[in-house]
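Each residue takes its place number in the sequence, starting with 1. Just so you know, these numbers come straight off a predicted model, no measurement behind them.
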Amino acid sequence: MNEFMSRAVELAVDNVKQGGQPFGAVLVKGNVAVSEGVNELHLEYDISGHAELLAMRKAQKDYQTNDLSEFSMYASGEPCPMCLTAMYFAGLKEVYYCATIEETAEAGLGKSREIYEDLRKVKQERKLQMVRMPLQEGQPNPMKIWGERN
């Protein structure tokens with residue numbers, strides 16, 4: 001285990017001691033830790049307050065960019081679907097994790113596993129129903145406006 005993963009695990013342990021969940025993350029550029037985070041669900045009413053997302057937000061603000069393609073993530077647990085998707089959008093080049101989704105589920109944190117399983121299903125069979133509502137005739141089309149702008 002390298003220093004970055006050791007730090008992510010240390011953050012996770014400290015977070016549990018403070019009443020939070022066992023998740024810590026360290027974002028690295030080159031061979032330098034540039035930001036870190038822990039799950040803050042116990043502190044803030046923000047379901048997106050996951051360790052990885054908070055570390056990414058700090059780096060994006062500090063570097064004034066949405067492109068994190070030169071960065072790597074070290075996380076105490078395998079990223080949930082929300083964090084993993086954000087990492088794809090940010091362009092991270094690699095993610096290292098310690099505990100697997102199965103191990104987090106065994107510890108009583110099974111939501112990520114449930115979501116990953118649900119996402120494998122076709123839209124119509126998922127727990128969260130998604131209903132498309134097309135634009136009304138004459139309504140401005142934001143996608144078209146965006147496309148014409150670029």
Side-chain angles (χ1 to χ4, degrees), residues 4-5 7-8 11-12 15-16 18-30 32-150:
F4 305 123
M5 185 59 76
R7 178 62 179 152
L11 289 166
N15 202 44
V16 170
Q18 295 174 20
Q21 294 179 340
F23 300 106
V26 178
L27 192 63
V28 174
K29 182 176 183 184
V32 177
V34 297
S35 63
E36 53 187 39
V38 297
N39 274 37
E40 294 183 352
L41 303 178
H42 65 297
L43 300 175
E44 306 288 334
Y45 293 101
D46 178 4
I47 198 66
S48 70
H50 288 202
E52 301 92 333
L53 291 180
L54 295 174
M56 290 170 56
R57 286 177 189 155
K58 289 174 190 171
Q60 288 175 314
K61 185 175 181 181
D62 290 346
Y63 286 84
Q64 292 292 290
T65 185
N66 290 322
D67 180 7
L68 299 179
S69 59
E70 297 180 19
F71 295 75
S72 300
M73 180 68 71
Y74 290 80
S76 63
E78 186 173 352
C80 75
M82 175 178 62
C83 292
L84 181 63
T85 301
M87 291 175 198
Y88 271 104
F89 274 111
L92 281 170
K93 64 178 182 176
E94 53 199 2
V95 179
Y96 301 95
Y97 63 91
C98 197
T100 66
I101 291 293
E102 292 74 25
E103 290 170 325
T104 58
E106 288 172 13
L109 298 161
K111 195 62 147 175
S112 291
R113 182 173 68 181
E114 291 173 20
I115 295 169
Y116 273 123
E117 289 171 0
D118 203 47
L119 288 173
R120 288 187 186 104
K121 300 174 184 174
V122 296
K123 287 182 194 176
Q124 297 80 4
E125 295 176 7
R126 293 180 188 160
K127 290 180 183 178
L128 179 60
Q129 294 299 302
M130 295 175 51
V131 179
R132 180 171 184 260
M133 297 179 74
L135 292 172
Q136 295 179 354
E137 189 174 326
Q139 193 172 12
N141 185 331
M143 298 302 157
K144 184 176 180 182
I145 295 168
W146 171 262
E148 290 170 351
R149 189 182 94 180
N150 291 313

Please list, chain by chain and in numerical order, all residues satisfying ring pair (Phe, Tyr, Trp, His ring centres under 6.0 Å) with [X], sequence neighbours excluded.
X   : answer
Y63 : F71
Y96 : Y74
Y97 : none

Side chains of [X] and [Y], heavy atoms from C-beta outward: is any pair under 4.5 Å?
X    : Y    : result
Q129 : K123 : no
L84  : F89  : no
L68  : L27  : yes
S48  : R57  : yes
D46  : E40  : no
K58  : K61  : no
C80  : I115 : no
Q21  : H42  : no

Closest approach of [X] to [Y] (non-hydrogen atoms, all atoms of both residues):
X    : Y    : answer
A99  : T104 : CB-CG2, 4.2 Å
K127 : D118 : N-OD2, 3.0 Å
A86  : M56  : O-CE, 3.5 Å
C83  : L53  : SG-CG, 3.8 Å
V26  : A8   : CG2-N, 3.8 Å
L54  : G49  : CD1-O, 3.8 Å

Return yes if a side-chain donor-acceptor contact under 3.5 Å exists between E94 and S72, otherwise no. yes

May I ask you to check whether R113 and T100 show a side-chain donor-acceptor distance below 3.5 Å? no

Mind checking the [atom1]-[atom2] spacing from [X] to [Y]? Nearest 0.5 Å is all I need.
X    : Y    : atom1 : atom2 : answer
M82  : H50  : CE    : NE2   : 3.5 Å
E36  : R7   : CD    : CZ    : 4.0 Å
F23  : E78  : CZ    : CD    : 10.5 Å
N39  : L11  : CG    : CG    : 11.0 Å
E106 : I101 : CD    : CD1   : 12.0 Å
L92  : E52  : CG    : CD    : 10.0 Å

Mind running side-chain hydrogen bond (donor to acceptor under 3.5 Å, both in side chains) on S69 and D67 for me, showing each step along the way? CA-CA 6 Å; S69 59; D67 180 7; 2.8 Å; yes

Short question: side chain of [X], backbone of [Y] - any donor-acceptor pair under 3.5 Å?
X    : Y    : value
S76  : G24  : yes
N15  : V38  : no
E148 : I145 : no

Just wondering, are more than 12 heavy atoms of other shown residues or ligands nearer than 6.0 Å to CD in E117? yes

